[in-house]
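For reference, the structure is listed below as structure tokens.
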Amino acid sequence: MELYIDTANIEDIREIAHWGILSGATTNPTLLSRESGDYDQIICEICDLVGGPVSAEVMSDDAEGMVEEAKRLVGLHENVVIKVPMLPEGLRAARELSKLEIKTNVTLVFSANQALLAARAGATYVSPFVGRLDDIGHDSNAVLTEIVEVFSVNEFSTKVIAASIRNPMHVTQAALLGCDIATIPPAIFRSMVKHPLTDKGIASFKKDWEDAQSRA
Ligand code: G3P
């Protein structure tokens, strides 16, 4: 499973990109609204930092407007992928954009049938939101399992991005269930890398080494 970073914060992306484990990034209007500066410039900088697909969302209500926005956004950088909402107009836009060979990420997906529609519209990626499903008492694992299975038995090339990741277990589950990608907030990456036994082990190795050096 590939790992994307789910933020528009340049400092966080720079830090995690240095670990050498990122394949891409996803943004959304809320994430961008938390940053200051020119949004186009932020998107370009993220593209350069991650060196892979970077989702940027369109905000028009109709397919025509979404396609126009998409044409402008893909002009910013070759890594830009267009996020369109899971709506009839978003599906129409995904279909038009696939004809233009512009990559799309259908976002705000909460069911296998929505994912099926997005795949049939020619989406490059679908983004089921696991955290928001769990928030309302639904079983996000069941939904991910269905989507992965539907795509597998139908031999769809559309990739599944587990999004709205809220804790490290969401990442493990997405990997176990066969998602292609998980898009992960910076704080969750920091939780994933830590383990108290790792810290304890490093401290004791260091102490034993230093003791041996002082005896030599
Ligand atoms: O990638 C979508 C994600 O940003 C949504 O996350 O935490 O707002 O549900 P959240």
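Read the numbers this way: they start at 1 and go in the same order the structure lists the ligands and their atoms. Positions are given from 1, in the same order as the sequence printed here.
Taking CZ from R132 and CG from D135, the interatomic distance works out to 8.5 Å, rounded to the nearest 0.5 Å. Going from atom CG of L3 over to atom CD1 of I188 covers 13.0 Å, rounded to the nearest 0.5 Å.
For the side-chain contact (heavy atoms from CB on, under 4.5 Å) criterion with K83, the lone passing option out of L108, N105, V106 is N105.
What sits closest to atom 8 (O) of ligand 1 on the protein, heavy atoms only, is R132 NH2, 2.7 Å. Counting protein heavy atoms only, atom 2 (C) of ligand 1 is closest to F129 CZ, 3.3 Å. Counting protein heavy atoms only, atom 7 (O) of ligand 1 is closest to R166 NE, 3.0 Å. The protein non-hydrogen atom at the shortest distance from atom 3 (C) of ligand 1 is D6 OD2, 3.1 Å. For atom 6 (O) of ligand 1, the closest non-hydrogen atom on the protein side is S164 CA, 3.4 Å.
Inclusion of T183 in the set of residues having an N or O under 3.5 Å from an N or O of ligand 1 is not warranted.
Between E45 and R14 there is a salt bridge, with a side-chain nitrogen of the basic residue lying less than 4.0 Å from a carboxylate oxygen of the acidic one. Note on R72 versus E69: no salt bridge recorded, every NZ/NE/NH1/NH2 to OD/OE distance being 4.0 Å or above. A salt bridge does not link K207 with E210: none of the charged nitrogens is closer than 4.0 Å to a carboxylate oxygen.
Within ligand 1, the atoms closer than 4.0 Å to a non-hydrogen atom of A163 are 1 (O), 2 (C), numbered from 1 in the order shown.
Of all the heavy atoms of T107, none lies under 4.0 Å from any atom of ligand 1, so neither backbone nor side chain is involved.
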